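Have a look at the structure below, then the notes.
A, B, ... follow the sequence lines: proteins, then strands. Residue 1 opens every chain. Just so we're clear, the structure is a prediction, and the values are computed from it rather than from any experiment.
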Amino acid sequence: MNIPEPSNFIQEIIVDDLKTGKRNAVHTRFPPEPNGYLHIGHAKSICLNFSTAAKFGGKTNLRFDDTNPSKEEIEYVDSIREDVRWLGFDWEEREYFASDYYDQIYDFAEQLILKGKAYICELKGDAVSEYRGTLTEAGKPSPWRDRPVSENLDLFRRMKAGEFEEGACFLRAKIDMAHPNMNMRDPAVYRIKKASHHRTGDKWCIYPMYDFAHPISDWIENITHSICTLEFEAHRPLYDWFLQALELKNCPQQIEFARLNLTYTMMSKRRLLELVQNKVVMGWSDPRMPTISGLRRRGYSPSSIREFCDRIGISKADSMVDINLLYFCIREELNASAQRAMAVLNPVKVVIDNWEEGRFDEIEVENNPENPAQGNRKILFGREIYIERDDFMENPPKKYFRLHPDGEVRLKGAYFIKCVRVDKDDQGNILEIHCTYDPASRGGESPDGRKVKGTIQWVSVPHAVSAEVRLFDHLFTLENPADVPEDKVWSDYLNPNSMIKCEAKLEPMMGKATLADRYQFMRLGYFCLDSEENKQGKLVFNRTVELKDSWGKMQAK
RNA sequence: UGAGCUAUGGUGUAAUGGUAGCACAACAGAUUCUGAAUCUGUUUGUCUUGGUUCGAGUCCAGGUAGCUCAACCA
């Protein structure tokens, strides 16, 4: 086999394993717990597991890590399937559940008991932690630690039979109560939980702990490299201990990498759930959420997310990725492919005084200047148009090159117009801007060769399509919402302007937009139809990401 | 003297004992019928102190800082 060059430390381990003959294949798995929706951090793990295996000719399983029936739901299983598939990965027929292995895992637990490596402990709640000791002090042995094997086995079988209440007793591995690694101080292996499981129903009233179920599940599936995040590093000795205690061969190897942190983004599943439950957002798929479903609804493509995951790299150092990189990835793709359209989010009417009423002119504009193959389209231009309120200033600052009194601006694809007068109400608000146009500038060039610095988009008043447009910003105002000052809580940093709704005017073709379409509203950003509102038949557009704005940046200074 | 892990520009990531590179961001200019895109250029880096070596970001030792671990969660 021709072994590819490694491009991160995990691949280095794999290449080494392949070269030394420790492994002759690569098999990974993506093991989500179905207790919430997948987010961009999971996307990193999904891409890592699937592409790493693929690179070395191996396979990746989808395995639901469902060992805690009280937190897990079928709704989450469905969403996880959908999201992984949407991201572009295929687990073929290898869809598994840890709960598929409950019988085997149970048998392994009995074996552990038979080998004298596990016992039933009757310590309750606080007593368990008391006996465990602290980070700096050794724990002490449970009074039940040296029960005879037969008694342990009997008790364990009675636990399984439902003879005891929750918390009455639990199965523990017999390792070392003085171990410097707290995870090795006789960790729990099985606990009683009288809860219905989303797949096994009421068959079981005892459930294995993650630390026990995970290595066994990996082993059953012939996983070679079990990739997980850094917080499981201290669990690795336990992972290895169980496999060794059970005398298993061809064992998987756990490798940890640093999870993704993104600026201005909350990645904790628990807090994401709170946002949903407290109705801070419209649900798991709110376009402001970092969930896969949120990104999808926002207009991100699977390929842009994969590109992002590829660019951020893999390492063991804690890091905080600048969200601008995500923005860059989707802009780069959409710039090359998105249909251009003209839209006005905050309209003000312009009347062209020297244009006859009722006359219209057919203007031709490119669908995508980055890709001429996308062709041109025709739009009607007339006496009354909308332009962006921001594209006119009565008293413009230096270097403002859009419309202003006596100033000339180009209407995209149409004509040069010059502002001659402004109509205002009593409060001084602008009602209408009156302009004259230069008939010789049709198409946007003047035969006299005079230059017009500014070009703005426009929408014909009688042909305009009205729609709601939603502009999104960070949900949090803190760069790291996971790290709030001591006297504050994270909800103090919610951004009140994370969603702004506009009543916009769009060019006529936007009335026929479909869910699959991606648009660049010229000078405003990239947009797509909102999938939820579309179900109600409403025309609502989401801004996926704005265009870079060097003018805005200049103004801010 | 609890254990483990980590440390490269503002951010992320390469360099596997031999010229510190790439991307994003930032800045400047060119260009532009999108103040976008594109093009050109610029700024900024090996946590620290020793040691090994002809040569150290890389190896060794000591510091420092950050992260993780005391659920019958995953």
Checklist entry - For nucleotides 66-74 of chain B, read 5' to 3', which letter fits each nucleotide if B means a protein heavy atom sits under 4.0 Å from the base, S means only the sugar-phosphate is that close, and - means neither? => result -SSBB-BBB

Checklist entry - Any side-chain donor-acceptor pair under 3.5 Å between A:Glu137 and A:Thr134? => result yes

Checklist outcome for this item: Symbol by symbol from the 5' end, with Watson-Crick or G-U pairs under 3.5 Å, [ ] crossing and | another strand, RNA chain B is .((((((..((((....[..)))).(((((.......)))))....(((((..]....))))))))))).....

Item to check | Ring-ring centroid check A:Phe170 A:Tyr190, cutoff 6.0 Å | outcome: no

Item to check | 4.5 Å side-chain heavy-atom contact, A:Ile40 and A:Met267 | outcome: yes

Checklist entry - If anything within 90° of 0 is syn and all else is anti, what is B:A71? => result syn

Next on the checklist: Taking the ring of A:Tyr210 and the ring of A:His214, is the distance between their centroids below 6.0 Å?
Outcome noted: yes

Checklist entry - Is it true that the NZ or CZ of A:Lys140 lies under 6.0 Å from the centre of A:Tyr131's six-membered ring and within 45 degrees of the ring axis? => result yes

Checklist entry - Expressed in angstrom and rounded to an integer, what is the separation of A:Leu325 atom CG from B:U11 atom P? => result 14 Å

Checklist entry - Heavy atom of residues 361-368 of chain A under 4.0 Å from RNA chain B: which residues? => result none

Item to check | Nearest-Å distance for atom pair CD1/P, residues A:Ile10 and B:U13 | outcome: 12 Å

Checklist entry - Do any side-chain nitrogens or oxygens of A:Arg402 fall under 4.0 Å of OP1 or OP2 in B:G35? => result no

Checklist entry - Please walk me through it: do A:Phe381 and A:Tyr415 pass side chain to side chain contact (heavy atoms under 4.5 Å, CB included)? => result CA-CA 9 Å; A:Phe381 178 87; A:Tyr415 294 91; 3.7 Å; yes

Checklist entry - Can you tell me if the side-chain N/O atoms of A:Lys553 get under 4.0 Å from OP1 or OP2 in B:C27? => result yes

Next on the checklist: Is the distance between the ring centroids of A:Phe232 and A:Tyr239 under 6.0 Å?
Outcome noted: no

Checklist entry - Are A:Arg147 and A:Tyr119 in a cation-pi setup, meaning NZ or CZ lies under 6.0 angstrom from the ring centre and within 45 degrees of the ring axis? => result no

Item to check | Crowding at NZ, A:Lys193 (>12 non-hydrogen neighbours, <6.0 Å) | outcome: yes

Next on the checklist: Please confirm whether the ring centroid of A:Phe541 lies under 6.0 Å from the ring centroid of A:Phe527.
Outcome noted: no

Next on the checklist: Would you say that A:Phe64 contacts A:His198 through its side chain, given a criterion of any heavy-atom pair below 4.5 Å between the two side chains?
Outcome noted: no

Checklist entry - Reckon A:Ser550 has a side-chain N or O less than 4.0 Å from the OP1 or OP2 of B:A36? => result yes

